[in-house]
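Below is one structure, written out as structure tokens, with a few remarks after it.
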Number of protein chains: 2
Amino acid sequence: MTARSEPVSRRERPAKPALTRSGIIATAVRVMRAEGLQRVTMRRLAKELDTGPASLYVYVANTTELHGAILDELLGEVDLAAAGAGGDWREGIEAVLASYTHLLVQLPSLAQSALVARPSGTNYLNLLDALLALLKQGGVPDDQAAWGVDTLLQVATASAAEHAGEDDTDGTEWKAVAAAVENASADQLPHVTALGSELLSGSPETRRKWTTRMLLNGILHTPRDTS
Amino acid sequence: MTARSEPVSRRERPAKPALTRSGIIATAVRVMRAEGLQRVTMRRLAKELDTGPASLYVYVANTTELHGAILDELLGEVDLAAAGAGGDWREGIEAVLASYTHLLVQLPSLAQSALVARPSGTNYLNLLDALLALLKQGGVPDDQAAWGVDTLLQVATASAAEHAGEDDTDGTEWKAVAAAVENASADQLPHVTALGSELLSGSPETRRKWTTRMLLNGILHTPRDTS
DNA sequence: ACCTGAACACCGTTCAAGT
DNA sequence: ACCTGAACACCGTTCAAGT
């Protein structure tokens, strides 16, 4: 009876699978990879899963929660190998953050949502632990590490989020900033004018590396109590 | 003829004003203050201005551009007085960033949009100039100031953006993070467990102040060329 | 318990047509 | 040039009804 009751479904209809939370999230990740987070909507997912939007609410509280789940799923791909390797701690942090950034730069809208919906899943906690291990290895006092790691991740996330909303292949928006800086009058904006192109210089990679070194220096040398 | 041709419009209908860009933006700011940025939609604004949504597209390119214009308008309220006062440069930066943060914390969804749509209006450039003046006063080398000021503003903006999407008066989401940290197993997350509540300690104000000091130390002591 | 159709209350943007 | 109605192609979420 089992075999006989599947009429034409050899290949053409993949026998509509039962709805599960993980199935929904897996579909969400696939749609996001193919078309971006803005296409990951309840209605679109429902269509993809061959059901109505209302059905998804059995497994997912709302759209925000869904986006959070996607993020945690993807955070599993961050390369934490450098954390256990026993090399230079600064280079270790640089490597972990580079991996994190490269992941999110390809998915900027997810980075944007990560800034608002603080992740708290397993993969996020593993990332946090890896960074704290490296800070400890570098002799950073615990209280400074605890607050500093937050800024480290926040800056990395915000940098990635900046690339969201850029269909903008020609960098129209970047040009607007550049033009504004260059057209600045020396009277009203003396310092912006003086610095000029220096403000916009450097590749994203170069700036990220300097910023990481800068943050580590700050974290290492700034005690928590004002003394 | 001028006076006579206004029939009943003494008070009841405020004589539908001509559509202008600044009128649209003013209305947008008002709606945002009253109901939040998520209510500032083309359709809602059109209704407010007693016209159809299509009419707005004569003055505003799209929703993103509109949000950018709102932000620049509001940035005029940031208090830059500390920049010219000639006091301690660190305290000056702290004061300017505090003013900027307090503005955006009340409008977190605007902060979120600021992260993606880099502002380039007059008020933003004035803010940039004020911070650069203070960094110069502190003897920060030009190239370090140029890259550092970006991180300074990015961190302030991201901190404010984190409060977006919180109808969340009871802090449900914050509790999720706290629970995750506390339930962390010592085996798998030794450093997160060890730091524990330290990770979540401190008021936003205290953390912001430490973070600002930390960034200034980093910017001041990190040369651009790796040597 | 899970799943669904249908409905409610919205969106952004474009376009042909009017003034 | 500016303004508009109407349309196109979507949204999130809820709820009563079914299985």
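Note on naming: letters A, B, ... go to the chains in the order of the sequence lines (proteins, then strands), and numbering restarts at 1 for each one. Since we're looking at a predicted model, the values are computed, not measured. Worth knowing before you read on, the calculation uses all heavy atoms, side chains too, and leaves out hydrogens, waters and symmetry mates.
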Nucleic acid footprint by protein, nucleotides 14-19 of chain C - heavy-atom cut-off 4.0 Å, B for base, S for sugar-phosphate alone: BB----
Quiz: residues 100-107 of chain B side-chain donor-acceptor pairs under 3.5 angstrom, not counting sequence neighbours:
unit_1	atom_1	unit_2	atom_2	d
B/Tyr100	OH	B/Thr157	OG1	2.7
B/Thr101	OG1	B/Leu97	O	2.7
B/His102	ND1	B/Ala98	O	3.2

Same-atom distance (C1') from D/dT14 to C/dC3, integer angstrom: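 The same atom, C1', in both gives a distance of 14 Å.
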All side chain to side chain contact (heavy atoms under 4.5 Å, CB included) counterparts of B/Ser159, not counting sequence neighbours: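 B/Ser159 satisfies side chain to side chain contact (heavy atoms under 4.5 Å, CB included) with A/Gln154, B/Val155 once adjacent residues are dropped.
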Summary of side chain to side chain donor-acceptor pair (under 3.5 Å) pairs that have at least one residue in residues 121-133 of chain A, sequence neighbours excluded: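 Output for this query lists A/Asp129-B/His191.
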Side-chain N,O (A/Thr63) to OP1/OP2 (D/dC11) below 4.0 Å: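 It does not, given that no N or O in the side chain of A/Thr63 lies less than 4.0 Å from OP1 or OP2 of D/dC11.
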Salt bridge (charged side-chain N to carboxylate O under 4.0 Å, His left out) against A/Glu94, all qualifying residues, sequence neighbours excluded: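 Applying salt bridge (charged side-chain N to carboxylate O under 4.0 Å, His left out) to A/Glu94 gives A/Arg208.
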Output the rounded distance in Å from [atom1] ([X]) to [atom2] ([N]).
X	N	atom1	atom2	result
B/Leu49	D/dT4	CG	C1'	14 Å
A/Ile24	C/dC2	CD1	C1'	12 Å
B/Asp50	D/dC3	CG	P	13 Å

Could you work out, with side chain to side chain donor-acceptor pair (under 3.5 Å) as the rule, every residue matching [X], not counting sequence neighbours?
X	answer
B/Ser197	none
A/Arg43	none
A/Trp147	B/Ser201
B/Arg33	B/Glu77

Of all pairs that satisfy salt bridge (Lys or Arg N to Asp or Glu O under 4.0 Å), the ones with a partner from residues 21-31 of chain A, not counting sequence neighbours: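 For residues 21-31 of chain A, and leaving out neighbouring residues, the salt bridge (Lys or Arg N to Asp or Glu O under 4.0 Å) pairs sorted by first residue read A/Arg21-A/Glu65, A/Arg30-A/Glu48.
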Sugar-phosphate, base or nothing in reach of A/Ser55, heavy atoms under 4.0 Å: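 Base contact - A/Ser55 has a heavy atom under 4.0 Å of at least one base atom.
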Min side-chain heavy-atom separation A/Val29-A/Val40 under 4.5 Å: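 Answer no - side chains too far apart.
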For DNA chain D, the residues among residues 35-46 of chain A that have a non-hydrogen atom under 4.0 Å from it: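 Those residues whose heavy atoms fall under 4.0 Å from DNA chain D, taken from residues 35-46 of chain A in numerical order, are A/Thr41, A/Met42, A/Arg43, A/Arg44.
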Nucleotide pairing, DNA chain D (Watson-Crick or G-U, distances under 3.5 Å), in dot-bracket with [ ] and |: ||.|||||...|||||.||
Short side-chain to backbone donor-acceptor contact, B/Tyr59 and B/Leu19, under 3.5 Å: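 Answer holds: yes.
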